[in-house]
Asker: 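Here it is, the structure, as structure tokens.
The chain is numbered in sequence order, starting from 1. If you're wondering where the values come from, they're calculated on a predicted model, not measured in any experiment. These numbers come from the heavy atoms of this one structure, side chains and all, not from hydrogens, waters or symmetry mates.
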Amino acid sequence: LAANPAPARFVIQASAGTGKSFLLETIFLWCVVNGHVPQSCAPTGIAAARIHVPRTPVRAYTLHYLFGLRGDGGSSVDVTKQDDETTDRLKRMTVLLQDEFSMADDEAWRQERQILGPLAAMREDEPGEAPSPVGGPPPPRGAPEAGPQPRSETDGLAAMPSGGTPRGDIAHQPGRPRQRKHPREDRIGRPHMLIFVDFKQLPPATGRPPFIAGDPDIVKRFEFRVLRQNRRVAPAEEGDGAKQTELDEFHQVLDDVAHGRPSARVRKFLVEAYVRGAAKGISSARRVPLDGPTAVFSKRAYRNRWNRRVLKRIAARGGRRLKVRAQYKARSSRAGWYKSKKNIAKINRKVRSQCLPNLVLAGQWAKDAPWPGEDKPHLMRVMLVANIDPPNRFANGATGRLLSWEPPAGRGRKPIPAHDDRVCARFCHEASVGQRVRMPGADWVDVTARMESAPHEATMVQLPVGPAYALVLHLSACE
């Protein structure tokens with residue numbers, strides 16, 4: 001990255017606790033203070049939300065948001081529209097960091113290459129680069145690179161502009177890192193690319209092969225590195241010695257599993273995990289602590305059943321309750337909303353939305369008094385199921401709490417239709433719940449009902465949140 005002659009191509013394999021996210025964030029910061037324009041992304045919203053260093057430009061988008069990927073296999077990015085915000089972001093990017101990319105399939109990787117390739121061909125003159133004649137070829141690959149520009153002692157230490165990326169049309173100013181050129185393009189594109197993976201995780205949720213299986217250029221053009229040493233340090237309040245020994249033992253178990261070693265510690269770990277899962281206090285949704293562990297299931301039906309039972313407990317204890325029912329109609333219809341169960345079932349099969357047809361909100365609000373015996377109110381645990389504001393980590397898969405919602409309750413036990421103008425929920429990041437002052441747009445955001453559509457066929461309107469007392473396997477793997 002410092003030499004910058006040709007694109008760096010690395011695939012970094014790393015298990016849990018080896019410092020993968022720390023390394024990614026460190027490289028991101030190095031890029032910022034050294035004049036690169038980095039972007040980071042991950043296949044899921046949960047993984048993207050974890051890449052965040054407060055008061056710095058370090059943040060990540062979801063892969064689908066950064067490259068405009070759609071569910072039908074296409075992309076909304078039009079590289080011919082130079083004024084488009086997404087196109088401009090990808091065009092100025094000099095370093096691409098991709099986390100948890102072992103969960104991306106071959107189709108997502110193909111779409112990514114189809115966007116980066118044309119952008120590399122549409123190169124423009126950059127600072128420090130000899131201008132090319134209009135319509136003429138770019139400078140030959142064998143031409144000598146311009147040497148590094150002299151830099152002042154304050155370069156790289158000043159605050160970056162909004163959004164965390166230096167603007168390419170601004171001349172160098174004292175106190176601002178000098179913007180680096182793009183490296184010479186190759187078959188994959190112009191930006192440097194570092195892909196962080198853990199191939200011991202679950203395969204892509206789409207059922208397609210992982211990205212590495214569908215492109216021989218990855219093995220030919222990327223260098224492979226492995227992080228092996230456990231870098232996870234036990235907090236002092238949890239007991240340094242015993243907790244650190246437990247973390248080291250867990251890392252050794254993962255290493256044995258990765259290399260197919262049927263060791264005694266692997267057998268012991270699995271037996272103890274099953275015993276803990278069968279404990280009376282957490283094996284049933286009727287007894288599990290509301291702020292305790294998160295249940296994990298292989299199918300959405302089992303997850304939804306667990307969440308419904310927990311929400312019934314909360315409502316029975318005296319929590320607020322609101323039921324929001326999704327609304328359906330034909331996309332081009334001017335008539336009213338569908339009520340036929342047959343039509344609704346057909347639309348659900350076509351839309352394939354993660355929103356629940358009948359969403360139940362249950363819990364206390366942030367301003368409510370705690371229940372007897374509790375030291376704080378129980379705010380409903382939820383997960384976003386759509387991208388609300390990805391640059392601020394309000395992305396599909398982000399988990400947090402509901403501070404409040406509107407309307408406070410329905411009439412009796414009747415559900416509120418999702419297209420009602422009053423329907424709104426205030427979502428707060430889990431890390432920001434305990435703060436005395438929460439900033440709008442950074443710590444919390446108001447979520448309203450949105451439209452989920454199947455191509456040319458039907459429309460579903462629902463609030464894009466769901467209870468998170470239980471998750472499915474692919475989402476929990478990113479936690």
Asker: Are Arg113 and Phe211 in a cation-pi setup, meaning NZ or CZ lies under 6.0 angstrom from the ring centre and within 45 degrees of the ring axis?
Answerer: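 Output no; distance or angle outside limits.
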Asker: Is the Phe10 to His192 ring centre distance short of 6.0 Å?
Answerer: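 Centroid distance Phe10-His192: not below 6.0 Å, so no.
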Asker: Which heavy atom in Leu290 sits nearest to a heavy atom in Tyr469, and how many Å separate them?
Answerer: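 Of all heavy-atom pairs spanning Leu290 and Tyr469, the closest is O-CE2, 3.5 Å.
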Asker: Do Trp371 and Ile314 touch side chain to side chain, with heavy atoms closer than 4.5 Å?
Answerer: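 Yes. Closest side-chain heavy atoms under 4.5 Å.
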Asker: To the closest 0.5 Å, what do you measure between CG (Leu227) and OG (Ser15)?
Answerer: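 It is 9.0 Å, given to the nearest 0.5 Å.
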Asker: Taking all non-hydrogen atoms of both residues, which atom of Leu322 and which atom of Pro408 are closest, and how far apart?
Answerer: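 Taking Leu322 first and Pro408 second, the nearest heavy atoms are CB-O, 4.4 Å.
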Asker: Could you walk me through whether Asp217 and Arg187 pass the side chain to side chain contact (heavy atoms under 4.5 Å, CB included) test, one step at a time?
Answerer: CA-CA 9 Å; Asp217 277 349; Arg187 292 181 58 179; 3.5 Å; yes
Asker: Any chance you could measure Cys355, atom SG, to Leu463, atom CG, to the nearest 0.5 Å?
Answerer: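 Taking SG in Cys355 and CG in Leu463, the distance rounds to 8.0 Å.
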Asker: Report yes or no: does Arg313 contribute a side-chain atom to a donor-acceptor pair with the main-chain N or O of Val288 at less than 3.5 Å?
Answerer: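 Checked: pair present.
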Asker: With a 4.5 Å heavy-atom cut-off, do Leu403 and Phe427 have their side chains touching?
Answerer: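 In short, these two side chains do not touch, never coming nearer than 4.5 Å.
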Asker: Do Ile188 and Met193 have side chains that approach each other closer than 4.5 Å (heavy atoms only, starting at C-beta)?
Answerer: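 Side-chain contact under 4.5 Å: yes.
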Asker: What's the spacing between Phe394 CZ and Cys428 SG if we round to 0.5 Å?
Answerer: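 These two atoms lie 7.5 Å from each other.
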Asker: Specify the closest pair of heavy atoms between Ile388 and Pro464, including all atoms of both residues, with the distance to one decimal.
Answerer: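 For Ile388 versus Pro464, the nearest heavy atoms are CD1-CG, 4.0 Å.
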Asker: Before we go on, tell me: are the rings of Phe67 and Tyr61 under 6.0 Å apart, centre to centre?
Answerer: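 Not under 6.0 Å, so no.
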Asker: Whether the Gln462 and Gln327 side chains hold a donor-acceptor pair (N or O, under 3.5 Å, no angle test) is what I'd like checked.
Answerer: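 On atom types as modelled, these side chains do not qualify, holding no pair under 3.5 Å.
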Asker: Short question: side chain of Arg401, backbone of Leu379 - any donor-acceptor pair under 3.5 Å?
Answerer: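 Checking the backbone N and O of Leu379 against the side chain of Arg401, a donor-acceptor pair under 3.5 Å is found.
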Asker: Within the 4.5 Å heavy-atom criterion, are Pro43 and Thr62 side-chain neighbours or not?
Answerer: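 Not in contact.
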Asker: Please tell me if the side chains of Pro7 and Arg9 come closer than 4.5 Å, counting only heavy atoms from C-beta onward.
Answerer: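 Result yes, sub-4.5 Å side-chain heavy-atom pair found.
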Asker: Identify the two heavy atoms, one from Ala366 and one from Pro377, that lie closest to each other, and give their separation to 0.1 Å.
Answerer: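 Distance-wise, the nearest heavy atoms are O-CG, 4.0 Å.
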Asker: Any sub-3.5 Å donor-acceptor pair from Asp105's side-chain atoms to Pro204's backbone N or O?
Answerer: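 A pair under 3.5 Å: no.
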Asker: Within the side chain of Thr26, is there an N or O that forms a donor-acceptor pair under 3.5 Å with the backbone of Phe22?
Answerer: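 Yes; judged by distance alone, with no hydrogens or angles, the pair exists.
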Asker: Hey, does the side chain of His182 reach the backbone of Met93 with a donor-acceptor pair shorter than 3.5 angstrom?
Answerer: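 Looks like yes, one N/O pair under 3.5 Å.
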Asker: Please answer whether the main-chain N or O of Asp198 pairs with a side-chain N or O of Ser102 as donor and acceptor at a distance below 3.5 Å.
Answerer: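 Answer holds: yes.
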Asker: Please determine if Arg438 forms a cation-pi arrangement with Trp444, meaning its NZ or CZ atom is less than 6.0 Å from the six-membered ring centre and no more than 45° off the ring axis.
Answerer: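 No cation-pi geometry.
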Asker: Is it the case that the side chains of His36 and Thr94 hold a donor-acceptor pair, with the cut-off being a distance below 3.5 Å and no angle test?
Answerer: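 Yes, His36 and Thr94 have a side-chain donor paired with an acceptor closer than 3.5 Å.
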Asker: Are Glu430 and Arg381 ion-paired here, with the side-chain N under 4.0 Å from a carboxylate O?
Answerer: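 Answer for the salt bridge query: no.
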Asker: Out of curiosity, Lys91 NZ to Leu116 CG, how far, rounded to the nearest 0.5 Å?
Answerer: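 That separation rounds to 14.0 Å.
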Asker: Would Trp306 and Phe297 count as a close aromatic pair, with their ring centres under 6.0 Å?
Answerer: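 Between Phe297 and Trp306, which both carry aromatic rings, the centre distance is below 6.0 Å.
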Asker: Flag the pair Phe196 / Glu100 as yes when at least one side-chain heavy-atom distance between them is below 4.5 Å, and no otherwise.
Answerer: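 Heavy-atom side-chain distance check fails, nothing below 4.5 Å.
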Asker: Do Pro467 and Leu311 come within less than 4.5 Å of each other through their side chains, counting heavy atoms only?
Answerer: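 A side-chain contact exists here, since the closest heavy-atom pair is under 4.5 Å.
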Asker: Hey, does the side chain of Thr87 reach the backbone of Asp78 with a donor-acceptor pair shorter than 3.5 angstrom?
Answerer: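 Present.
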Asker: Does Leu96 reach the side chain of Leu66, with side-chain heavy atoms less than 4.5 Å apart?
Answerer: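 The answer is yes, as the side chains (C-beta and beyond) meet within the 4.5 Å cut-off.
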Asker: Just wondering, more than 12 heavy atoms not from Tyr302 lying within 6.0 Å of its OH?
Answerer: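 No.
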Asker: I'd like to know if Arg110 pairs up with Asp106 as an ion pair, taking the criterion as any Lys NZ or Arg NE/NH1/NH2 lying under 4.0 Å from an Asp or Glu carboxylate oxygen.
Answerer: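 No, Arg110 and Asp106 are not salt-bridged.
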Asker: Whether Glu25 and Arg59 form a salt bridge (side-chain N of Lys/Arg under 4.0 Å from carboxylate O of Asp/Glu) is what I want to check.
Answerer: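 No salt bridge links Arg59 with Glu25.
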Asker: Test Phe222 against Ile212 for side chain to side chain contact (heavy atoms under 4.5 Å, CB included), laying out the working first.
Answerer: CA-CA 11 Å; Phe222 281 75; Ile212 196 172; over 6 Å; no
Asker: Quick one: CG on Asp99 to CD1 on Ile195, what's the gap to the nearest 0.5 Å?
Answerer: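 Spacing of CG (Asp99) from CD1 (Ile195) equals 11.5 Å.
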Asker: Assess whether side chain to side chain contact (heavy atoms under 4.5 Å, CB included) is satisfied between Val37 and Arg89, documenting all intermediate values.
Answerer: CA-CA 9 Å; Val37 184; Arg89 183 189 299 119; over 6 Å; no
Asker: Between Gln364 and His378 (side chain of the first, backbone of the second, donor and acceptor by atom type, cut-off under 3.5 Å), is there such a pair?
Answerer: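 Yes; judged by distance alone, with no hydrogens or angles, the pair exists.
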Asker: Does the pair Thr448 and Asp421 meet the rule for a side chain to side chain contact (heavy atoms under 4.5 Å, CB included), with working shown?
Answerer: CA-CA 9 Å; Thr448 56; Asp421 293 338; over 6 Å; no
Asker: Is Arg320 positioned over the aromatic face of Trp365, cation under 6.0 angstrom from the ring centre and no more than 45 degrees off axis?
Answerer: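 The answer is yes; both the distance and angle limits are met.
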Asker: Taking the basic N atoms (NZ, or NE/NH1/NH2) and the acidic carboxylate oxygens, is any pair closer than 4.0 Å for Lys376 and Asp368?
Answerer: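 Not counted as a salt bridge, because no side-chain N and carboxylate O are separated by less than 4.0 Å.
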Asker: Do Asn392 and Asp389 meet the criterion of a side-chain donor-acceptor pair at a distance under 3.5 Å?
Answerer: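 Yes, side-chain donor-acceptor contact under 3.5 Å.
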Asker: Distance check, rounded to the nearest 0.5 Å: Arg309 atom CZ versus Arg287 atom CZ?
Answerer: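 Answer rounded to 0.5 Å: 11.0 Å.
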Asker: Please say which of Leu24, Leu23, Ile12 ends up in a side chain to side chain contact (heavy atoms under 4.5 Å, CB included) with Leu97.
Answerer: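 Of Leu24, Leu23, Ile12, side chain to side chain contact (heavy atoms under 4.5 Å, CB included) with Leu97 is met by Leu24 alone.
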